[in-house]
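Source: prediction; values computed, not measured.
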Amino acid sequence: MMEIANVSFPEVFILLGFSERPSLEPILFIFVLGIYVVSVLGNGVIIVVSCMDVHLHTPMYFFLVNLSFLDISFTTSIVPQLLVNLWGPQKTISYGGCVIQFYISHWLGATECVLLAVMSYDRYAAICRPLHYTVIMHPKLCCSLAFASWLGGLTTSMVGSTLTMLLPLCGNNRIDHFFCEMPLIMQLACVDTSFNEVEMYVASFIFVVLPLGLILVSYSRIAWAVLTIRSAEGWRKAFNTCSSHVAVVTLFYGSIIFMYLQPAKRNSHEEGKLVALFYTVVTPMLNPLIYTLRNKTMKKALRHTVLQNCGSGGTRGDI
């Protein structure tokens, strides 16, 4: 019985990643490490500034704090193991580490889809219902929407990942990717996975397609409302309100759509790894840059927080 268990569930998985191009690995190591540090610092700054500055205690920045915390958690669930595999000759991850990785990445990926839809609704309320905005997006509703996003992602991860974990692998432990992803684990199974595939498609529709549909509906209503604005100032305010979120949604969904709509060819699979590297490592780094560089309120709050801390530090030094 112990032998069967060991065959069905290997002790380690081999993450092939970019091992076919060993000369590329040192370059990728430096690139990924640099991007990861910038991502953690950038998202961390958004969280700290949004919590410290009372002018940012609004629904938009409340959801942005959730997004920033999610991005830090998502990259941290993948990048450290990726760096270990890029640095050394060993390309392995323990069975438990692999399970934890695809549970967390699945949870946070689904949560981000829902959270982006919630943020688009917030932008719709701000532009299309400005006089009722504070009534609509009251703190209790904001907390409920954020909680529903996290709980929904956790629920689909618990169901899908558990069903995948129960599949016998019969000794198959080579994953042609740089992190443990649920569809790739399913491909290693030595039994029929039709039920798992149906569950994955249903979950993808609920947590990827439906949120994207809600985002498109929200922005179609926003576009219609903007077209009725006569003044250039009104257009500018609407653009500033939505441009950062539109850029983040485009990066997130664009990379996912590009990756999963590729033909099943070997060179396409290698391109898919690079696209996956983009949305797991680069996109979380770009999000804080987009929200700070394109957002005057955030830049002003950041300057205010830095100057305030420098001033208080100088005062303490004088004392």
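- Rounding to the nearest 0.5 Å gives a distance of 7.5 Å between CG of L274 and CG of L24.
- Using a 4.5 Å heavy-atom threshold, the side chains of M137 and L145 count as touching.
- A salt bridge (Lys or Arg N to Asp or Glu O under 4.0 Å) check over residues 97-108, counting only residues at least two apart or in different chains, returns nothing.
- Listed by chain and residue number, nothing satisfies the ring pair (Phe, Tyr, Trp, His ring centres under 6.0 Å) test with F63 (two or more places apart in sequence, or in another chain).
- T156 contributes no side-chain N or O that, together with a main-chain N or O of G153, makes up a donor-acceptor pair within less than 3.5 Å.
- Looking only at side-chain heavy atoms (C-beta outward), L251 and Y279 stay at 4.5 Å or farther from each other.
- Side-chain N or O atoms of S94 include one that pairs as donor or acceptor with a backbone N or O of G97 at under 3.5 Å.
- Annotation: side-chain contact (heavy atoms from CB on, under 4.5 Å) contacts of L33 (sequence neighbours excluded): F29, V37, L83.
- Within a 6.0 Å radius of CD in E197, more than 12 heavy atoms belonging to other residues, nucleotides or ligands are found.
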Tabulate below the donor-acceptor pairs under 3.5 Å that side-chain atoms of residues 47-54 make, not counting sequence neighbours, or state none.
unit_1: S50; atom_1: OG; unit_2: I46; atom_2: O; d: 2.7
unit_1: D53; atom_1: OD1; unit_2: H55; atom_2: N; d: 2.8
unit_1: D53; atom_1: OD1; unit_2: H55; atom_2: ND1; d: 2.9

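- Residues L82 and V32 have side chains in contact (heavy-atom distance under 4.5 Å, counting atoms from C-beta outward).
- One N or O on the side chain of N172 and one on the backbone of L188 form a donor-acceptor pair closer than 3.5 Å.
- For residues 87-109, every residue pair satisfying the salt bridge (Lys or Arg N to Asp or Glu O under 4.0 Å) rule, not counting sequence neighbours, is listed here: E25-K91.
- Note: I222 CD1 to Y124 OH = 9.0 Å, rounded to the nearest 0.5 Å.
- Checking Y291 against S68 by side-chain atom types alone, no donor-acceptor pair falls below 3.5 Å.
- Residues Y253 and P211 form a side-chain contact, since some pair of their non-hydrogen atoms from C-beta on lies under 4.5 Å apart.
- Shown here for I78 and S105, the closest heavy-atom pair between the two residues is CD1-CB, 4.4 Å.
- Using a distance-only test at 3.5 Å, with no hydrogens or angles considered, a donor-acceptor pair links the side chain of H138 to the main chain of L141.
- Using a 4.5 Å heavy-atom cutoff, the side chains of E181 and F102 are not in contact.
- Between W150 and F69, the ring planes lie tilted relative to each other; the angle falls in the 30° to 60° range.
- Applying the side-chain hydrogen bond (donor to acceptor under 3.5 Å, both in side chains) rule to T134 yields no partners; only residues at least two apart in sequence or on another chain are considered.
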- Task: Check the pair S77, Y103 against side chain to side chain donor-acceptor pair (under 3.5 Å), reporting the backbone distance first and the verdict last.
- Result: CA-CA 10 Å; S77 71; Y103 263 100; over 6 Å; no
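- Grouped with L16 in one hydrophobic cluster are I14, the linkage being side-chain heavy-atom contacts under 4.5 Å among Ile, Leu, Val, Met, Phe, Trp and Tyr residues.
- For the residue pair I127 and P130, the shortest heavy atom distance occurs at O-CD, 3.4 Å.
- Listed for the T164 side chain is a donor-acceptor partner under 3.5 Å among the backbone atoms of G160.
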- Would you sort out whether S149 and N66 count as a side chain to side chain contact (heavy atoms under 4.5 Å, CB included), showing the intermediate values? CA-CA 10 Å; S149 301; N66 278 265; over 6 Å; no
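- With sequence neighbours left out, H106 forms a ring pair (Phe, Tyr, Trp, His ring centres under 6.0 Å) with no residue at all.
- With a 4.5 Å cut-off between side-chain heavy atoms of Ile, Leu, Val, Met, Phe, Trp and Tyr, the cluster of L163 takes in V159, F195.
- Nearest heavy-atom pair across P10 and Y95 is O-CB, 3.2 Å.
- Annotation for T250 and V246: closest pair OG1-O, 2.7 Å, computed over non-hydrogen atoms.
- Summarising the geometry, atom CG belonging to L286 is positioned 7.5 Å from atom CD1 belonging to I35; distances are rounded to the nearest 0.5 Å.
- With sequence neighbours left out, F74 forms a ring pair (Phe, Tyr, Trp, His ring centres under 6.0 Å) with no residue at all.
- Atom CG of residue L67 and atom CG of residue L115 lie 5.5 Å apart, to the nearest 0.5 angstrom.
- Side-chain contact check for M60 versus R123: some heavy-atom pair is nearer than 4.5 Å.
- The shortest side-chain heavy-atom distance between I175 and I185 falls under the 4.5 Å cut-off.
- Smallest separation of non-hydrogen atoms from P80 and Y36: CG-OH, 4.4 Å.
- For the disulfide (SG to SG under 2.5 Å) condition, the pairs that include at least one residue of residues 56-126, sequence neighbours left out, are C98-C180.
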- Task: Would you please test D176 and K273 for side chain to side chain contact (heavy atoms under 4.5 Å, CB included) and show each step?
- Result: CA-CA 9 Å; D176 193 10; K273 290 181 187 179; 2.7 Å; yes
- List the steps and the verdict of side chain to side chain contact (heavy atoms under 4.5 Å, CB included) for I206 and Y201. CA-CA 9 Å; I206 295 173; Y201 291 137; over 6 Å; no
- Message: Walk me through whether I93 and V12 qualify under side chain to side chain contact (heavy atoms under 4.5 Å, CB included).
- Response: CA-CA 6 Å; I93 182 173; V12 297; over 6 Å; no
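- Side-chain contact between I72 and T76 is present, with at least one heavy-atom pair separated by less than 4.5 Å.
- A distance-only check finds a donor-acceptor pair linking the side chain of N43 to the backbone of P284 [under 3.5 Å].
- If you take CG on L108 and OG1 on T75, they are separated by 9.5 Å, rounding to the nearest 0.5 Å.
- Counting Ile, Leu, Val, Met, Phe, Trp and Tyr side chains that sit under 4.5 Å apart, directly or through other members, L151 shares a hydrophobic cluster with F147.
- Nearest heavy-atom pair across F62 and A146 is CE2-CB, 3.7 Å.
- How far CZ of F179 is from CD of Q81: 12.5 Å, rounded to the nearest 0.5 Å.
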